[in-house]
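The next block holds one structure in the form of structure tokens; read it before the comments.
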Amino acid sequence: MTTPAVTVTPDVTVREAARLMYIHDVEQLPVVHPDDGKIAGVVAQADVVPILTHLADEVREEVVTVIRDVTDLDPDTLSITVGEGVVGVAGPVPAGTPVPRLIEALRGIDGVVEVNCDLALPSTVPSVPSGEPEAGLETVVEAATWAPSIHNSQPWSFAIAGKEISLRADADRRLPVSDPQGRQLTISCGAALFNMRTVVRAMGHQPQVRTLPDPDRPGLVATVRVGPAEPPCEEVRIVREEIPRRRTHRGGFAERPVPDDLIDSLTALAAMQNVRLIPFRSPGDVRILGALTTVAQELQERDPEFELEMIRWGLRPGSPRRDGVPADAYPRRTPESHPEFPQRDYSRGQGWGTEDEPAGVTGVVAAITTTGDERIDWVQAGQALESILLYASSRGVQAAFHTQLLEYPQLRDFLRQKLCSGEYPQVVLRLGYPLGTTLSYRRPLVEVLS
């Protein structure tokens, strides 16, 4: 048997039970009373599949209706399949089709477990020709999607209108337990914004950016337009090349020390975004951070609501999803380091993940802080974070994130007062030379761009 068990409560829908079985590749779910934790029974795949199969015709009719309501498409021109709660939609669609909105609407149909989208938008930008400001906008968006995000949730969407790109926060991908205010979501969008600015500069133009431009549209994080021509410097070209290469590390680091001059450069890059990077030089400070991270990790492992978020985003081996953390990107257990900085347990005792790495060193422990704690501060923190990560990657240095302790207001406030000089910690990370390489996946452009 697998442990911890993937369970449901008696009030869960057939669709949700089927979705959990599909995601975690299990054939049955214990049904547990939420009040006392006692088992009420078991729901098996054999129980739910006949119901979903019986509903297949009704689901197909709803799929057709949703396609007509959300888009201008003729459903008869598309290939639509429905089987065991999985909906497949394929075929060419014209530019401007709101594919991300369509996918979310299809996922909202009762009886739908997953949506496999293979809708093909026409390629409007095969290359990035110089001298044409409106060209390359899809390339800018594609680069934005390589930004880091908590659990690789990729909580963003984009729209191109004329010469302007809108960057929007995807509230459906916010983690309601870990990130109730959307702070980490906004930081992720800030990192995506930095990638957009960098690519526009690498194209040889000034990026014209408006951050949080409309108070009546809180989901709109920024707009970016391609401005006047401006030859890119060599540093911009180097950083731009790192965008698809940068990886999040989830283990120990090699014993090779990170040079002090690199840390100084990263600190200066953060300051350019009105953000502070604090490297913790004192062994005592590092031990405190490691202890706080351990406390937060152990609390989350005991919290069923945190556990459900991990179930959603920690993927089983062979999962076809292009979001979440794949099994070949996290270790089976936290590699040893001293002091200990536990990683999130994406395997959850299932035995998934990569082979155990040799013990490594902690690396340089640091925090990104801001003087304020509003949305604009979170956007700035995200831009500074990505600036740091890309430059570090160009020097062979990667980062491991430890945001667990920031997900508890009391621990975050303790860190702010005791180690961050009263500034608000937005990100806690370790920097070092990785012992191995990891893979990373991103959703296709058709899912995030309209």
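In this chain, residues are counted from 1 in sequence order.
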| said: What verdict does the side chain to side chain contact (heavy atoms under 4.5 Å, CB included) test give for Met203 and Val140, after you've listed the backbone C-alpha separation in whole Å, the side-chain angles of each residue and the deciding distance to 0.1 Å? | reply: CA-CA 9 Å; Met203 291 165 52; Val140 175; 3.8 Å; yes
| task | Applying side chain to side chain contact (heavy atoms under 4.5 Å, CB included), run through Gln404 and Phe341 and close with a yes or a no. | result | CA-CA 10 Å; Gln404 300 101 309; Phe341 275 79; over 6 Å; no
| request: Please test Asp377 against Arg183 for salt bridge (Lys or Arg N to Asp or Glu O under 4.0 Å), starting from the C-alpha separation and ending with a verdict. | output: CA-CA 10 Å; Asp377 302 296; Arg183 183 181 61 83; over 6 Å; no
| request: Verify side chain to side chain contact (heavy atoms under 4.5 Å, CB included) between Leu289 and Val286, making sure each step is shown before the conclusion. | output: CA-CA 5 Å; Leu289 279 164; Val286 173; 5.8 Å; no
| task | Evaluate the side chain to side chain contact (heavy atoms under 4.5 Å, CB included) criterion for residues Leu175 and Ile150: first the C-alpha distance (whole Å), next the side-chain angles of each, then the deciding distance (0.1 Å), finally the verdict. | result | CA-CA 9 Å; Leu175 280 65; Ile150 182 172; 4.0 Å; yes
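By the 4.5 Å heavy-atom criterion applied to side chains, Arg246 and Pro148 are counted as neighbours. You'll find the side chain of Val8 stays beyond 4.5 Å of the side chain of Val32, heavy atoms only. Using a 4.5 Å heavy-atom cutoff, the side chains of Glu447 and Pro444 are in contact. Within the 4.5 Å cutoff, side-chain heavy atoms of Leu102 are placed close to those of Val66. Counting heavy atoms from C-beta on, the side chains of Arg276 and Thr370 never come closer than 4.5 Å. Side-chain contact between Pro425 and Ile368 is absent, with no heavy-atom pair separated by less than 4.5 Å. With a 4.5 Å cut-off on side-chain heavy atoms, Glu374 and Thr186 do not count as touching. Counting heavy atoms from C-beta outward, Met272 and Asn274 have side chains that stay 4.5 Å or more apart.
Between the NE2 atom in His402 and the OG1 atom in Thr294 there is a gap of 9.5 Å [rounded to 0.5 Å]. In this structure, NZ in Lys418 is found 12.0 Å from CG in Leu292, a value given to the nearest 0.5 Å. Summarising the geometry, atom CD belonging to Gln154 is positioned 5.5 Å from atom CZ belonging to Arg443; distances are rounded to the nearest 0.5 Å. Note: Ile160 CD1 to Glu138 CD = 5.5 Å, rounded to the nearest 0.5 Å. With rounding to the nearest 0.5 Å, the separation of CG in Leu315 from NE2 in His151 is 11.5 Å. Here OG1 of Thr369 is found 11.5 Å from OH of Tyr424. Values are rounded to the nearest 0.5 Å.
In this structure Arg225 satisfies the salt bridge (Lys or Arg N to Asp or Glu O under 4.0 Å) test together with Glu164, sequence neighbours excluded. For Glu309, there are no salt bridge (Lys or Arg N to Asp or Glu O under 4.0 Å) partners at least two apart in sequence or on another chain. Contacts of Arg416 classified as salt bridge (Lys or Arg N to Asp or Glu O under 4.0 Å), with partners at least two apart in sequence or in another chain: Asp413.
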Expected list for residues 386-395: side-chain donor-acceptor pairs under 3.5 angstrom, two or more places apart:
unit_1, atom_1, unit_2, atom_2, d
Glu386, OE2, Asn195, ND2, 3.1
Ser393, OG, Glu242, OE1, 2.7
Ser394, OG, Tyr391, O, 2.5

With a cut-off of 3.5 Å and sequence neighbours excluded, list every side-chain donor-acceptor pair involving residues 206-224.
unit_1, atom_1, unit_2, atom_2, d
Gln206, NE2, Glu230, OE2, 3.4
Asp214, OD1, Asp216, N, 3.0

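Counting only N and O atoms by type, the side chains of Gln426 and Asp373 include a donor and acceptor under 3.5 Å apart. Side-chain atoms of Gln380 and Arg375 include no donor-acceptor pair closer than 3.5 Å. Between the side chains of Gln383 and Arg197, at least one donor N or O lies within less than 3.5 Å of an accepting N or O.
Considering every non-hydrogen atom in both Leu449 and Val141, the closest pair reads CD1-CG2, 4.2 Å. Shown here for Gln273 and Phe194, the closest heavy-atom pair between the two residues is NE2-CE1, 3.9 Å. Of all the heavy atoms in Ile278 and Cys420, the pair that sits closest is CD1-CA, 4.1 Å. The nearest pair of heavy atoms linking Cys189 to Pro155 is SG-O, 3.6 Å. Here the closest non-hydrogen pair linking Tyr433 and Val258 is CE1-CA, 4.0 Å. Nearest heavy-atom pair, Trp156 versus Ser188, reported as atom, atom and distance to 0.1 Å: CZ3-O, 3.5 Å.
No more than 12 heavy atoms of other residues, nucleotides or ligands lie within 6.0 Å of CD in Gln181, so this atom counts as exposed by the packing criterion. Annotation for Asp303: atom CG counts as buried by contact number, over 12 foreign heavy atoms lying within 6.0 Å.
For Arg247 (side chain) and Pro244 (main-chain N/O), a donor-acceptor pair under 3.5 Å exists by modelled atom type. Of the possible polar contacts, none joining the Arg430 side chain to the Gly363 backbone as a donor-acceptor pair under 3.5 Å is found. Without hydrogens or angle criteria, Thr71 side chain to Leu73 main chain gives a donor-acceptor distance under 3.5 Å.
Screening Glu305, Arg344, Glu307 against Gln300 for a side chain to side chain donor-acceptor pair (under 3.5 Å) leaves a single residue, Arg344. Checking each of Leu266, Val364, Leu431 against Val397 for a side-chain contact (heavy atoms from CB on, under 4.5 Å) leaves exactly one that passes, namely Leu431.
Applying the ring-ring contact (aromatic ring centres under 6.0 Å, His included) test to residues at least two apart or on different chains, the pairs with a partner in residues 265-308 are Phe306-Tyr408.
With salt bridges taken as basic N to acidic carboxylate O contacts below 4.0 Å, none links Asp323 and Arg312.
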